[in-house]
Amino acid sequence: MKGKKYRILFVCHGNICRSPMAEFIMTKLVRDAKQEEHFYIDSKATSTEELGNAPYPPAQRKLNAQGVPMHPHRASQIKKSDYDDFDYIIGMDSANMRNMKRIFGEDSQGKLHKLTEYSSYSGDIEDPWYSGDFDTVYEQILDGCEGLLNHLLGLSSYAEK
C-alpha cells in the first residue's frame, strides 16, 4: 500500500444523515488503523435540498454516542467532475445509485458502488430522515465501512453474501 492514496466519496440524498455518518465513521476507522496518509474521505448529496446544512441533529447525536469524532461539515452536491476526483464513489441506496449514474453518466471505470456491497447486509441503507432509525443505519454503515476498509487494505474481499 506504500504510496497509494484512496479517494473515497460517500453519497446519499441530502448529505446530512447517511453520507456524513459514513464519512466520519470511515475517517475514524482509518485513523484507528493508522492509515490516514493513505486516504482522502468526503461526502456529498445527489440532491440540492439540504445544501449548506450541517448534519441532521439525530445523526450527530448517534455519532457522539458512539464516540465517532466529527469535523465541520456542510451539505454539498456531487458534480460531474467528482467522478475523476475519486477512486470509490459509494451510494447508500438504489435511488442514490440511479442519481449518481444520471449525474456522472457511464461508470466506465467501475467507481460506483453501493455500501452494502462491502457489508453483511444486502439491499439499501434506508434513509433515517424518514424512518428515524439511526441505530440500524449506524450499524449498517459501520459494517459497510469496516468491509470497505478491509477490502482496500487487502485484509478481505467483499463480504460474503
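Computed over heavy atoms, backbone and side chain alike; hydrogens, waters and symmetry mates excluded. If you're wondering where the values come from, they're calculated on a predicted model, not measured in any experiment.
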Specify the closest pair of heavy atoms between [X] and [Y], including all atoms of both residues, with the distance to one decimal.
X	Y	value
Arg18	Ile125	NH1-O, 2.6 Å
Leu9	Lys44	CD1-CG, 3.8 Å
Tyr88	His151	OH-NE2, 4.0 Å
Gly105	Lys80	N-NZ, 4.2 Å
Pro20	Cys12	CD-SG, 4.5 Å
Glu23	Ser43	OE1-OG, 2.6 Å

Original post:
Parallel, tilted or perpendicular for Phe24 and His71, by the 30°/60° rule?
Top reply: perpendicular
Between [atom1] of [X] and [atom2] of [Y], what distance do you get to the nearest 0.5 Å?
X	Y	atom1	atom2	value
Glu146	Met26	CD	CE	10.0 Å
Ile89	Asn96	CD1	CG	12.5 Å
Leu149	Lys28	CG	NZ	12.0 Å
Arg74	Asn53	CZ	CG	7.5 Å
Ser131	Glu126	OG	CD	7.0 Å
Met97	Leu112	CE	CG	5.0 Å

Does the side chain of [Y] come within less than 4.5 Å of [X]'s, by heavy atoms?
X	Y	value
Phe134	Met21	yes
Met70	Asn64	yes
Leu148	Ile8	yes
Thr46	Gln77	no
Thr116	Asp124	no
Cys145	Tyr118	no
Ser119	Gln140	no
Asp42	Phe10	no

Original post:
So Ile103 and Lys79, side-chain contact (heavy atoms from CB on, under 4.5 Å) or not? Walk me through it.
Top reply: CA-CA 7 Å; Ile103 292 167; Lys79 54 191 180 299; 5.8 Å; no
Starting from [Y], can I reach [X] by hopping between I/L/V/M/F/W/Y residues whose side chains sit under 4.5 Å apart?
X	Y	value
Ile90	Val68	yes
Ile16	Ile78	no
Leu29	Tyr40	no

**OP:** Would you mind checking if Lys114 and Asp93 are paired as a salt bridge, meaning a charged N to carboxylate O distance below 4.0 Å?
**Re:** no
Original post:
So, Asp133 versus Thr136: side-chain donor-acceptor pair below 3.5 Å or not?
Top reply: yes
Original post:
Mind checking what makes salt bridge (Lys or Arg N to Asp or Glu O under 4.0 Å) contact with Arg31, not counting sequence neighbours?
Top reply: none
Subject >> Candidate pair Phe39 and Leu152, rule side-chain contact (heavy atoms from CB on, under 4.5 Å), full reasoning >> reply: CA-CA 10 Å; Phe39 288 86; Leu152 295 174; 3.7 Å; yes
**OP:** Flag this pair as yes if the NZ/CZ of Lys62 is under 6.0 angstrom from the six-membered ring centre of Tyr138 and inside a 45 degree cone about the axis; otherwise no.
**Re:** yes
**OP:** Please lay out, stage by stage, how Leu63 and Ile25 fare under the test side-chain contact (heavy atoms from CB on, under 4.5 Å).
**Re:** CA-CA 8 Å; Leu63 292 171; Ile25 290 167; 3.9 Å; yes
**OP:** Keeping to residues at least two apart or across chains, list the side-chain hydrogen bond (donor to acceptor under 3.5 Å, both in side chains) pairs with something in residues 98-111.
**Re:** Tyr83-Asp107
Original post:
For Arg7, does its backbone N or O pair with a side-chain atom of Asp87 as donor and acceptor, under 3.5 Å?
Top reply: yes
Subject >> Tyr6/His38 aromatic ring centres below 6.0 Å >> reply: no
Original post:
Should Ile141 and Leu115 be marked as a side-chain contact (heavy atoms from CB on, under 4.5 Å) after you check the CA-CA gap, both sets of side-chain angles, and the distance that decides it?
Top reply: CA-CA 7 Å; Ile141 292 172; Leu115 186 58; 4.2 Å; yes
